[in-house]
Asks: 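Sharing a structure with you now.
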Amino acid sequence: MSPHDRSGPGTIVAPEASADPLPWHAQPPDQALAALDSPDDGLTPDEAAERRRRYGPNRLTPPPRRSALMRFLAQFDNLLIYVLIGAGIVTVLLGEFVDAAVIAGVVLINAAIGYVQEGKAEQALDAIRSMLSPQAVVLRGGHQVTVPSEELVPGDRVLLASGDKVPADLRLVRVKGLRVQEAALTGESVPVAKSVDAVAADAPLAERGGMAYSGTLVAQGQATGVVVATGDRTELGRIGTLLAGVEELTTPLLAQMAVFGRWLTIGILALTALTFLYGSLVQGEPWPEMVMAAVGLAVAAIPEGLPAVMTITLAIGVTRMARRNAIIRRLPAVETLGSVGIICSDKTGTLTRNELVVQTVVTAAGDCAVTGTGYRPEGEFRRDGKTLDPAGDPVLAELARAALLCNDAELQRGEDGWTVAGDPTDGALLALGMKAGLDVREEAARRPRTDVIPFESEHKFMATLHHDHEGHGLLYVKGAPERVLSMCTHVRAADGGSGPLDMAHWLARVEELAVRGERVLALAERPARAGQTVLDMDDVREGLTLLGLCGFIDPAREEAVEAVAQCQAAGIRVKMITGDHAGTAQAIGRRFNLSGDAVSGSELDRLDDTALVAVARDADVFARTTPEHKLRLVRALQTAGHTVAMTGDGVNDAPALKRADVGVAMGCKGTEAAKEAASMVLADDNFASIAHAVEEGRTVYDNLRKTILFMLPTNGAQALVILVAVLAGYTLPITPVQILWVNMVTAVTLGLALAFEPPEAAVMKRPPRPQDEPILPGFLIGRMVLVMVLLVAASFGFFLLHEGHGDPTPVARTMAVNALVMGEIFFLLNARAVTASVMNRRGLFGSRPVWISIGLMLVFQLAFTYAPPLQSLFGTAAVDWTQWVAMTAAGLAIFLAVEAEKAVTRRVMGRRG
């Protein structure tokens, strides 16, 4: 086996390894170096070249892709598009080349949108590949050399320094104060301290302290590591492989429309064939006339404007969402948002602010709650519900001073508020000191730093030496509570004096804070030796006086708390999936009213797919998760029949983002890989924007349903007019070219108006719609049949009335067309609400686009009726104004009939409820 062979996640089998080798993070450094045959002075150039020939370059392999032409042609593989193309062919056969060009334009625009969206989806893999470091510093033949990262091979010794991007997966063999920002891989919100220690073989990725992974960033310190995996074998490459293998799902609406399109096509073809056969064989009509009648019926029945109106409706939803900080990258995601039943949310930066803040200070005088958000140095100290002045509490004041001085960060105030330059924990401590009324520059000038022991993972603390201008020296220490407490013998008392340290008591207090989900840091002090100017480890090993404990949290966004509650009220279940510790996740989950105990990634590993479905359904908080866990959870929830939205910001989130019905990436702090894999990007990284997007998604679906409800019966009525005429042996009341006119102008006027409908009042108070819910339930199909009958009666009635009075056929047909249009105008008002009455001010006059479209439609019909060029083109004739009154009355009758049907429907549905 080669050093690149894997026996499991994080396990690469070396030539000398046993049959069942330990993963690299579980092996001591010397064992890993021996297994990889990595000498102290590094590989020789010849050996590196030989290994590169064997194992390939350190880059991620691009997946095979379809050619641009095939991707473009694939956009036409949709039955609705076939129907649209069929409509275009019919118009060409009729000689209506302008109309054919319009239909062709719609088809091409739809294809272009799909082509661009698919191309952007493929950029997700490119974004992951671009995360690899372009260069690396390695030891080759005893010399430090800078080489392209592509040339790294297993066994290379890589040197890391602050600011470097880790170029490959490394087993660390030498570490000095190394902290690595791994949020993109693990979701851990703060830089992780590294060491050379081996850990358990089954340790989750976030707890492998002896490893540095490709694509992560060195935040602090230095290290040497040996390359254990390159290219596709790295953790980053494994995520890329996961992403490439994730199948994107179709949206509920597109799936339903595909089924509807198939049935519509079958119905139209069957109906046209029967019409032709009946007219030719039974009625004995000349077959050329029956061909034209069949063509007219097909043109009437095909809703050629529907795909265009659907696209425009989705586009309007995109614009509305953008105003509310939700940027849609894939158009169908707009509609899918409306059916989301579960939102799987990342914690850091989405539900929380991704800004550490000290929430609790524990001293011998008691506990203090600290108010304020983020790094803004504004807030209060409260003890027992009362505001406390830190200046009057000697222990609290000294702890705040230690927090300021034993610190390497800097707070900066910019246009976007306060930010930290340096470690987030240090930033929170600076804010704490400034909330206590201390000035950073004044304190640094009053007690300048003389020496420092920087934080290193081996000793888990930082110490600083300070002197005032009278020559008095003081040491401050901060660090992991267990480590600092072991160095303390006393504790600062409430009166400013000191007393003996009760170790058990303080360890219990640390545990209490940890259970509440707070990260804990201890601060201590001791006087310096007389004349001391240098700080070494012996000065801090013992004899320190504990000042107190600080409990840090990444606070919940208040607007996100409200948004989660709003989603829960709308029947949407929110689940938190994070790479953070279970205790932290549990505490944040309680803040958002998420039920149940946190389920860890290791627990998920022990579940098969069947058991996982139940756990995914029942639990709301998941901690210490990997990319595979997130992907499995999304799949499990989809298996249970849920429409799932997934949020994330790291590379580790990309596979789950792509698999989810709606992937939501963070726009401010998200990686490019996450953004490219997602179908929606939040401009403000705020969960509240997801809730707004769901509201808009539900509105878009409502408007799509209203548009379909309007267009299908009007198209059906046009087809039914021709069918009735053929069956009865009458002259066609409406010619194919007149039907095409009605289809074209209603699609761009009346049909489009419903796309602009505002949200209904109770849109976020109803549960998510089931995936198997039909677009048009039974009661709406009944309404469509009613409307078709009424429109046919009006159109056919006016045609027969005028033909019976001896009026010329062009006049009778003009009346038939206009009666049909007037009925459609009144039905448009009905369609503004699916079940509610529109016989009120809001229903009749609450939409400016509706009345604009009605006005445009009337202008078109007046031109259709009275303009000589259009009279010649469409075979129409002028009619008397009194006829318009009669047609308006017929339209009003249709309106009242539909409102009566709605009232009956509401009563029936109310009884069922």
Side-chain angles (χ1 to χ4, degrees), residues 9-10 23-25 127-128 130-133 136 149 158 160-172 175 177-197 199 203-223 225 227-229 234-240 242 346-350 352 354-356 420 422-425 455-457 460 519 552 554 577-582 584-585 600-602 622-630 648-656 666 669-674:
W24 294 113
H25 56 267
I128 286 184
S130 69
M131 291 187 65
L132 293 177
S133 175
S149 63
V158 176
L160 299 176
S162 181
D164 286 349
K165 188 178 286 186
V166 180
D169 283 3
L170 309 178
R171 176 62 173 96
L172 300 173
V175 166
L178 185 68
R179 297 170 74 87
V180 180
Q181 178 55 263
E182 295 183 331
L185 276 181
T186 66
E188 187 76 42
S189 55
V190 295
V192 178
K194 294 293 182 178
S195 69
V196 298
D197 298 334
V199 295
L205 189 71
E207 296 176 6
R208 298 174 190 172
M211 299 291 295
Y213 290 104
S214 179
T216 59
L217 186 67
V218 177
Q220 180 181 322
Q222 299 174 331
V227 175
V228 296
T234 63
E235 289 294 326
L236 194 65
R238 189 171 54 80
I239 294 172
L242 273 178
D346 189 24
K347 175 184 73 69
T348 306
T350 309
T352 64
N354 196 19
E355 296 175 339
L356 283 184
V420 61
D423 187 88
T425 305
F455 179 90
E456 291 190 19
S457 54
K460 298 182 180 179
R519 299 173 184 271
F552 299 78
D554 179 6
I577 305 177
T578 178
D580 220 329
H581 294 278
T584 304
S600 69
S602 58
F622 299 89
R624 276 296 189 239
T625 54
T626 66
E628 288 92 346
H629 294 143
K630 296 180 180 183
D649 57 2
V651 183
N652 59 326
D653 300 317
M666 304 299 109
K669 298 176 181 177
T671 61
E672 286 304 310

Asks: Hey, mind stepping through Glu182 and Glu235 against side chain to side chain contact (heavy atoms under 4.5 Å, CB included) and telling me if it holds?
Replies: CA-CA 12 Å; Glu182 295 183 331; Glu235 289 294 326; over 6 Å; no
Asks: What distance separates Asp554 CG from Lys347 NZ, expressed to the nearest 0.5 Å?
Replies: 5.0 Å
Asks: Looking at Leu172 and Ala212, what are the two nearest heavy atoms and their distance?
Replies: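 So the minimum-distance heavy-atom pair works out to CD2-CB, 4.0 Å.
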Asks: Between Arg624 and Leu205, is there a donor-acceptor pair closer than 3.5 Å when you use the side chain of the first and the backbone of the second?
Replies: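 Pair absent, no side-chain N/O of Arg624 close to backbone of Leu205.
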Asks: Mind listing the closest non-hydrogen atom pair of Arg208 and Val199 along with its distance?
Replies: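 Smallest interatomic distance, heavy atoms only, reads CA-CG2, 4.1 Å.
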Asks: Out of curiosity, His25 NE2 to Glu207 CD, how far, rounded to the nearest 0.5 Å?
Replies: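 Answer for the NE2-CD pair, His25 versus Glu207, is 10.5 Å.
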Asks: Got a second to check how far Gln222's CD is from Leu160's CG, nearest 0.5 Å?
Replies: 9.5 Å
Asks: So, taking the atom named CZ in Phe455 and the one named CG in Leu178, what distance separates them when rounded to the nearest 0.5 Å?
Replies: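 Output value for this atom pair is 10.5 Å.
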Asks: Minimum heavy-atom separation for Gly601 to His629, with atom names?
Replies: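 So the minimum-distance heavy-atom pair works out to O-NE2, 3.1 Å.
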Asks: How far does OG1 of Thr584 sit from CZ of Arg519, to the nearest 0.5 angstrom?
Replies: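 So the OG1 of Thr584 and the CZ of Arg519 are separated by 5.5 Å.
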Asks: Rounded to the nearest 0.5 Å, what's the gap from OH on Tyr213 to CG on Leu236? Could you check?
Replies: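 Result: 12.5 Å between the selected atoms.
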Asks: Grab the two heavy atoms, one from Thr216 and one from Val180, that are nearest each other, plus how far apart they are.
Replies: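 Of all heavy-atom pairs spanning Thr216 and Val180, the closest is OG1-CG1, 3.5 Å.
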Asks: Please evaluate residues Val228 and Met211 with respect to the criterion side chain to side chain contact (heavy atoms under 4.5 Å, CB included), reporting the C-alpha separation (whole Å), side-chain torsions for both, the decisive distance (0.1 Å), and the verdict.
Replies: CA-CA 10 Å; Val228 296; Met211 299 291 295; 3.9 Å; yes
Asks: Minimum heavy-atom separation for Thr625 and Lys630, please, with both atom names.
Replies: OG1-CE, 3.4 Å
Asks: Would you name the heavy atoms of Ala168 and Val227 that are closest together and state the gap between them?
Replies: CB-CG1, 4.0 Å
